[in-house]
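Would you mind keeping the following structure in view while I ask a few things?
Worth saying up front: this structure is predicted, and the values here are computed from it rather than measured. Residue numbers start at 1 and run along the sequence shown.
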Amino acid sequence: MAGTPCIVVKGIVLRETETREADKILTLLTGEYGKLSVIARGARRKSCKFAACAQSLAWSEWTLYQRGQWYYAREGSTLELFGGLRQDLDAMALGFYFAELTEAVTTEDSPSEELLRHLLNGLYALSALHKPPALAKPAFELKLLCLAGYEPLADACAYCGAEEPENPVLDAAQGILRCGGCGGPGMAAPLCRDSLAALRHIVYGDPKRLYAFTLGPEPMARLGRAAEVFLFAQLERKFRTLDFYKSLQTPETLSK
């Protein structure tokens with residue numbers, strides 16, 4: 001609409017929903033405004049100039065105008081489509097999970113710079129760095145929870161204070177580290193020395209080096225289970241994109 005004030009934002013499409021005729025409703029994550037619901041008219045037409053921007057996991061710059069509680073797309077230009085994801089079904093499915101998980105912990109009208117940066121880095125790690133999903137998934141999950149205010153206390157046993165707990169366990173419900181013999185059964189996720197070191201790297205380390213670690217198959221499996229148990233205990237919900245990602249996996253691919 002001519003004369004309507006516009007805003008220019010960079011955002012990533014967390015979700016796209018087809019609606020009447022050839023339109024889409026996009027859930028955008030932006031740094032300045034958090035989540036935005038955007039109506040992209042004509043986005044399903046091949047002739048639409050911003051059709052490439054209006055697809056899930058597209059990182060783009062948008063010109064938007066507001067009418068009522070809705071934003072409408074006026075223009076869009078693609079910044080990054082994460083082509084490596086779109087060539088690998090497993091990586092793409094994991095990318096969708098990252099987006100759904102991020103959407104679950106973000107709100108509207110609240111700046112989300114750190115969460116946006118974390119999502120972009122996670123997609124880049126899968127797309128360009130080709131990080132193994134078994135490594136990228138728990139690293140993304142745990143760090144996202146930290147950024148969203150659910151950081152676990154992992155520096156020492158919460159009961160006896162041992163910095164290197166004996167038979168370490170992540171108590172997922174309480175969000176604490178403890179020795180295997182300290183405390184009650186709870187929602188316990190067993191760790192080992194190497195998986196605990198990786199957990200501490202993720203929680204306390206430099207975010208720029210989040211994915212810069214390696215683990216053997218068994219410690220990696222322990223880290224993956226601990227991250228997922230902790231995630232479900234804190235957010236108390238399931239994710240359909242995670243179910244889809246797991247449906248693609250075999251015992252062999254889950255360990256890679």
Problem set entry | Cluster overlap L36 with L79, hydrophobic side-chain contacts below 4.5 Å |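 No: no chain of side-chain contacts under 4.5 Å links L36 to L79.
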Exercise. Got P5 and Y65 here, is their nearest side-chain heavy-atom distance under 4.5 Å?
Worked result: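 They are not in contact (no side-chain heavy atoms under 4.5 Å apart), so the answer is no.
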Problem set entry | Residues K246, L242; criterion side-chain contact (heavy atoms from CB on, under 4.5 Å); working and verdict | CA-CA 6 Å; K246 287 185 173 181; L242 178 58; 4.0 Å; yes
Problem set entry | Close side-chain approach of P190 to R222, heavy-atom, < 4.5 Å |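 Yes, at least one pair of side-chain atoms sits under 4.5 Å.
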Problem set entry | Side-chain heavy atoms of L170 within contact of F230, under 4.5 Å |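 Yes - at least one pair of side-chain heavy atoms lies under 4.5 Å apart.
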For this session: Quick one: pull up CG in L135 and OG1 in T214 and give me the separation to the nearest 0.5 Å.
Result: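 The OG1 atom of T214 is 8.0 Å from CG of L135, to the nearest 0.5 Å.
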For this session: Supply the atom-to-atom distance L191 CG to R178 CZ, rounded to the nearest 0.5 angstrom.
Result: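 The CZ atom of R178 is 10.5 Å from CG of L191, to the nearest 0.5 Å.
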Problem set entry | Sub-4.5 Å side-chain heavy-atom contact between V38 and W70 |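 No, too far: nothing below the 4.5 Å cut-off.
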For this session: Check step by step if side-chain contact (heavy atoms from CB on, under 4.5 Å) holds for E141 and L101.
Result: CA-CA 8 Å; E141 291 169 328; L101 189 53; 3.9 Å; yes
Exercise. Are L231 and L210 connected, step by step, through hydrophobic side chains (Ile, Leu, Val, Met, Phe, Trp, Tyr) whose heavy atoms are closer than 4.5 Å?
Worked result: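 Yes, it is one cluster - the side chains of L231 and L210 are joined through contacts under 4.5 Å.
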For this session: Locate the shortest heavy-atom distance separating Y204 from D155; write the atom from each residue and the value.
Result: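 What the structure gives for the nearest pair is OH-N, 3.4 Å.
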Problem set entry | Inter-residue atom distance R41.CZ - Y72.OH, 0.5 Å rounding |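 Result: 5.0 Å between the selected atoms.
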For this session: Check for a donor-acceptor pair, side chain of H201 on one end and backbone N or O of F213 on the other, with a separation under 3.5 Å.
Result: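 Absent.
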Exercise. Can you check whether S60 reaches K10 side chain to side chain, under 4.5 Å on heavy atoms?
Worked result: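 Not touching, per the 4.5 Å side-chain cut-off.
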Problem set entry | Pairwise distance NE2(H118) to NZ(K143) - rounded to 0.5 angstrom |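 Separation between the atoms: 8.5 Å.
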For this session: Apply the test salt bridge (Lys or Arg N to Asp or Glu O under 4.0 Å) to residues E164 and R200: give CA-CA distance (whole Å), side-chain angles for both, the deciding distance (0.1 Å), then the verdict.
Result: CA-CA 12 Å; E164 297 301 328; R200 287 170 167 168; 3.2 Å; yes
For this session: Return yes if some donor-acceptor pair links the side-chain N/O of D23 with the main-chain N/O of G42 below 3.5 Å, else return no.
Result: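 Pair found, side chain donor or acceptor close to backbone of G42.
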Exercise. Which pair of heavy atoms, one from L177 and one from A154, lies closest together, and at what distance?
Worked result: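 Heavy atoms of L177 and A154 come nearest at CD2-O, 3.4 Å.
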Problem set entry | E166 CD: over 12 foreign heavy atoms closer than 6.0 Å |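 For E166, atom CD is not crowded (no more than 12 foreign heavy atoms under 6.0 Å).
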Problem set entry | Check against salt bridge (Lys or Arg N to Asp or Glu O under 4.0 Å), R225 and E218 | CA-CA 11 Å; R225 286 193 294 269; E218 180 55 29; 3.7 Å; yes
Exercise. What orientation do Y97 and F239 show, parallel under 30°, tilted 30 to 60°, or perpendicular over 60°?
Worked result: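 Perpendicular, since the angle between the ring planes exceeds 60°.
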Exercise. Can you check whether A51's main-chain N or O pairs, donor with acceptor, with Q55's side chain at less than 3.5 Å?
Worked result: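 Such a contact is absent between Q55 side chain and A51 backbone.
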For this session: Any chance you could lay out the side-chain contact (heavy atoms from CB on, under 4.5 Å) test for Y124 and L120, step after step, and finish with the verdict?
Result: CA-CA 6 Å; Y124 180 79; L120 291 172; over 6 Å; no
Exercise. For the side chain of E80 and the backbone of F82, is there at least one donor-acceptor N/O pair under 3.5 Å apart?
Worked result: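 Such a contact is found between E80 side chain and F82 backbone.
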For this session: Give a yes or no answer on whether the side chain of S127 reaches the backbone of L123 with a donor-acceptor pair at less than 3.5 Å.
Result: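 Judged by distance alone, no pair lies under 3.5 Å.
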For this session: Without swapping roles, check the side chain of T30 against the backbone of Y33 for a donor-acceptor pair under 3.5 Å.
Result: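 Flag set: sc T30 to bb Y33 pair under 3.5 Å.
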Problem set entry | Full working for salt bridge (Lys or Arg N to Asp or Glu O under 4.0 Å) between E75 and K49 | CA-CA 8 Å; E75 297 177 2; K49 294 182 179 180; over 6 Å; no
Problem set entry | CG-CG distance between L116 and L29, expressed to the nearest 0.5 angstrom |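 Output value for this atom pair is 5.0 Å.
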Exercise. Under 4.5 Å between side-chain heavy atoms, hopping through other hydrophobics if needed: is there a path connecting L94 to L81?
Worked result: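 No; L81 is not reachable from L94 via cluster members.
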Problem set entry | Side-chain touch V229/M187, heavy atoms, less than 4.5 angstrom |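 Yes, side chains in contact.
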Exercise. Is any side-chain heavy atom of L144 less than 4.5 Å from a side-chain heavy atom of V105?
Worked result: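 SC-SC contact between L144 and V105 confirmed.
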For this session: Report yes or no: do I39 and L26 belong to one cluster of Ile/Leu/Val/Met/Phe/Trp/Tyr joined by side chain heavy-atom distances under 4.5 Å?
Result: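 No; tracing contacts between hydrophobic side chains, which count when under 4.5 Å, never links both residues.
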Exercise. In Å and rounded to the nearest 0.5 Å, what is the OG1 to CG distance from T107 to L115?
Worked result: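 With rounding to 0.5 Å, OG1 (T107) is 9.0 Å from CG (L115).
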For this session: Is it possible for you to check whether R237 lies under 6.0 Å from the centre of the six-membered ring of F232, through NZ or CZ, and within 45° of that ring's axis?
Result: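 Judged by the rule, R237 and F232 form no cation-pi pair.
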Exercise. Is it true that a side-chain atom of K35 and a backbone atom of T106 form a donor plus acceptor pair closer than 3.5 Å?
Worked result: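 Side chain of K35 to backbone of T106: a pair is present.
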Exercise. Is there a donor-acceptor pair closer than 3.5 Å between any side-chain N or O of R44 and the backbone N or O of T19?
Worked result: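 Checking the backbone N and O of T19 against the side chain of R44, a donor-acceptor pair under 3.5 Å is found.
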For this session: Please name the pair of heavy atoms, one in G122 and one in F140, separated by the smallest distance, quoted to 0.1 Å.
Result: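 Nearest pair, atom of G122 first, then F140: CA-CD1, 4.2 Å.
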Exercise. Would a 4.5 Å heavy-atom cut-off, applied to side chains only, mark C182 and V169 as touching?
Worked result: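 No, their side chains stay 4.5 Å or more apart.
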Exercise. Transitively linked via ILVMFWY side-chain contacts under 4.5 Å: I202 with M220?
Worked result: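 Yes, because I202 and M220 connect within a single hydrophobic cluster, where side-chain heavy atoms sit under 4.5 Å apart.
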Exercise. Any ion pair linking R15 and E103 (charged N to carboxylate O, less than 4.0 Å)?
Worked result: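 R15 and E103: salt-bridged.
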For this session: Kindly indicate, with the supporting measurements, whether the criterion side-chain contact (heavy atoms from CB on, under 4.5 Å) is fulfilled by K24 and T17.
Result: CA-CA 5 Å; K24 287 184 180 181; T17 303; over 6 Å; no
Problem set entry | Intermediate values then yes/no, ring-ring contact (aromatic ring centres under 6.0 Å, His included), F50 and W62 | CA-CA 9 Å; F50 51 74; W62 290 92; 5.6 Å; yes
